[in-house]
Peer 1: 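Sharing a structure, written as structure tokens. Questions coming.
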Amino acid sequence: MAVFTEVSLDAANALVERLGLGSVTALRGIASGIENTNYFVTTDRDQQWVLTLFERLTFEQLPFYLHLMKHLAERGIPVPDPQADTSGEILHTVCGKPAALVNKLSGGHQLAPSIWHCQQVGQMLARMHLAGRDYPRHQPNLRGLDWWVETVPVVVPYMDANARRLIEDELVFQRHLAETSAYLALPRGPVHADLFRDNVMFDGLPGHEKLTGFFDFYFAGVDTWLFDLAVCLNDWCIDLDTGRLIEERASAMVAAYDTECPMSADELRLLPAMMRAGALRFWTSRLWDFHLPREASMLKPHDPTHFERVLRERVANPWHWVR
Ligand SMILES: Nc1ncnc2c1ncn2[C@@H]1O[C@H](COP(=O)(O)OP(=O)(O)OP(=O)(O)O)[C@@H](O)[C@H]1O
Ligand SMILES: N[C@@H](CCO)C(=O)O
């Protein structure tokens, strides 16, 4: 249940009125989600909003994420648009916690995606990368190489010899890769870095669903665009039981990305290596959440072995997309 802080109708109403959005007629806690308190808010203008109270991120950390969402929304990318008060502030306080009010995206998740969904994700991802080029704030990907280097030694004592060899070898490979001129030349900018199936909305009749938005930007940071694409491929375009790539979905996603934002020769060459990086990133974070849960954690850890399988697959069967 993702209502960690109870918000009264009065408290929600005070914020909505202050933002000039009318009055609250209904407030409904959102059951899913594991990090934050989320409510659907309906107003007397028949608009629907999502009120988020941040349970982990602080007032200092949030501006990068919220202003990125606003920046992208202003450039026509379908992402939740944080609503400002009369002084232009988009980070608010509700029940003593940092809070934001964003528009509700329509539709639901596509947990069994087809080529059609993968194409739309690839296309919108490219548009989002291009729209982020002039975003002025900077924060590195906090779950990037430096974090892997710090965290892999913390989790290896919990792993068997086989898995340990794989993760340590991969870390050596990624450290080496990060120093190559090809890697350093990759285009970069703000990336979502966690664009899994449950962070994208689609709406419409079965078989004709249209992408209505990307959300949950709280792992965003500045990294290579290729890493973002690799994270998507590793989730949207694989068989979840085996980790095997489903090539027709992957080709559809990359082709759609490349049509919007033509990929460089280095990007095409390093795609298989970056798909390994994406698998290493989530294997490491899942191991970390699993073996070292944060204080009385509300997190229900995801299965780390899934990303061990994904990494083994990416190493054994590197996939190159040919234009
Ligand atoms: N802007 C939005 N529009 C529509 N639905 C939303 C929006 N934001 C969140 N939701 C709904 O709320 C649910 C929980 O949100 P989210 O996944 O961001 O939870 P969280 O606890 O903040 O993060 P986590 O993904 O780490 O669990 C989503 O699955 C989605 O159904
Ligand atoms: N998408 C992540 C969890 C949230 O960051 C995972 O599947 O491990």
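These figures come from a predicted structure and were not determined experimentally. First listed ligand is number 1; within each ligand, the first listed atom is number 1.
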Peer 1: Are S23 and E17 packed together at the side-chain level, in the sense that at least one heavy-atom pair is separated by less than 4.5 angstrom?
Peer 2: yes
Peer 1: Looking only at distances, please establish whether an N/O atom of ligand 1 is found under 3.5 Å from an N/O atom of E35.
Peer 2: yes
Peer 1: Assert yes or no for the condition that the ring centre distance of F307 to H302 is strictly below 6.0 Å.
Peer 2: no
Peer 1: Give the atom numbers and elements of ligand 1 that come within less than 4.0 Å of a heavy atom of N103.
Peer 2: 1 (N)
Peer 1: Looking only at N/O atoms, are R286 and ligand 2 under 3.5 Å apart anywhere?
Peer 2: yes
Peer 1: Hey, mind stepping through D134 and R75 against salt bridge (Lys or Arg N to Asp or Glu O under 4.0 Å) and telling me if it holds?
Peer 2: CA-CA 11 Å; D134 59 343; R75 283 154 184 77; 3.3 Å; yes
Peer 1: For ligand 2, is there an N or O atom under 3.5 Å from any N or O atom of D194?
Peer 2: yes
Peer 1: Using the ring pair (Phe, Tyr, Trp, His ring centres under 6.0 Å) rule, collect all pairs that involve residues 44-63, keeping only residues at least two apart or in two chains.
Peer 2: F54-Y218
Peer 1: Check whether any N or O atom of L105, backbone or side chain, sits under 3.5 Å from an N or O atom of ligand 1, and answer yes or no.
Peer 2: yes
Peer 1: Regarding Q123 and T259, do their side chains bring together a donor and an acceptor under 3.5 Å, going by distance alone?
Peer 2: no
Peer 1: Looking at ligand 1, would V102 count as a contact under a 4.0 Å heavy-atom criterion?
Peer 2: yes
Peer 1: Judged by modelled atom types alone, do D266 and S264 share a side-chain donor-acceptor pair under 3.5 Å?
Peer 2: no
Peer 1: Side chain, backbone, both or neither: which part of N38 comes within less than 4.0 Å of ligand 1 when only heavy atoms are counted?
Peer 2: side chain
Peer 1: Under 4.0 Å, heavy-atom basis, I'd like to know which part of N36 is in contact with ligand 1: side chain, backbone, both or neither.
Peer 2: both
